[in-house]
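Along the sequence shown, the residues carry numbers beginning at 1.
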Amino acid sequence: MSETGPKKEKNPEKIKRSLDEVVHQLDQEPGASQSWGETMSENREAWEDLKKRIQERQRALKALVREKKAGTISTEEFEKRYKIIQDELTELEFKVYNMRLGTSIRE
């Protein structure tokens with residue numbers, strides 16, 4: 001994910017509070033599965049698109065690892081492409097979390 005504004009502040013206490021809130025929201029409470037099922041039903045097309053995009057990025061990551069093991073790409077190229085794919089996967093995962101929680105959590 002790219003930032004267009006100034007560098008984000010890296011306040012550890014603020015980050016921990018934010019993560020604690022997310023973990024609390026992700027805790028499996030009674031009805032959480034039903035709520036998630038309802039969210040998926042209401043957003044079926046978006047959910048299917050996210051799943052497809054995540055699977056594509058996971059396949060790309062596996063292919064990249066195979067290329068690296070086969071020696072067909074340099075370490076520098078591997079690291080560059082690996083970071084891009086991981087960033088894309090992270091962004092997609094945040095979209096899933098946001099759909100799940102009904103929020104707009106950002107990295």
**Q** Is the shortest side-chain N to carboxylate O distance from E48 to K52 below 4.0 Å?
**A**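 Between K52 and E48 there is no salt bridge, as every charged N stays at least 4.0 Å from the carboxylate O atoms.
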**Q** Could you tell me whether E77 and K68 make a salt bridge, using a distance below 4.0 angstrom between a side-chain N and a carboxylate O?
**A**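 Judged by the 4.0 Å cut-off on N to carboxylate O distance, E77 and K68 do not form a salt bridge.
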**Q** For residues K95 and R53, determine if any side-chain heavy atom of one lies less than 4.5 Å from a side-chain heavy atom of the other.
**A**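 In contact.
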**Q** Give, for atom NZ of K80 and atom CG of L64, the distance between the pair rounded to the nearest 0.5 Å.
**A**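 If we round to the nearest 0.5 Å, K80:NZ and L64:CG are 12.0 Å apart.
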**Q** Side chain of N98, backbone of F94: donor and acceptor closer than 3.5 Å?
**A**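 Yes; at least one donor-acceptor contact below 3.5 Å.
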**Q** Are I54 and I84 joined in one hydrophobic group, where the rule is that I, L, V, M, F, W and Y side chains link up if heavy atoms are under 4.5 Å apart?
**A**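 As far as the 4.5 Å side-chain criterion goes, I84 and I54 are not connected within one cluster.
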**Q** Quick one: pull up CG in L89 and CD in Q58 and give me the separation to the nearest 0.5 Å.
**A**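 Those atoms lie 6.0 Å apart.
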**Q** If you apply the rule side-chain contact (heavy atoms from CB on, under 4.5 Å), what do you find for R57 with Q86, and how did you get there?
**A** CA-CA 8 Å; R57 296 291 74 210; Q86 280 297 107; over 6 Å; no
**Q** If we only count heavy atoms from C-beta on, is the I73 to R81 side-chain gap below 4.5 Å?
**A**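 A side-chain contact under 4.5 Å exists here.
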**Q** Are any non-hydrogen side-chain atoms of E56 and R59 less than 4.5 angstrom apart?
**A**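 The answer is yes, as the side chains (C-beta and beyond) meet within the 4.5 Å cut-off.
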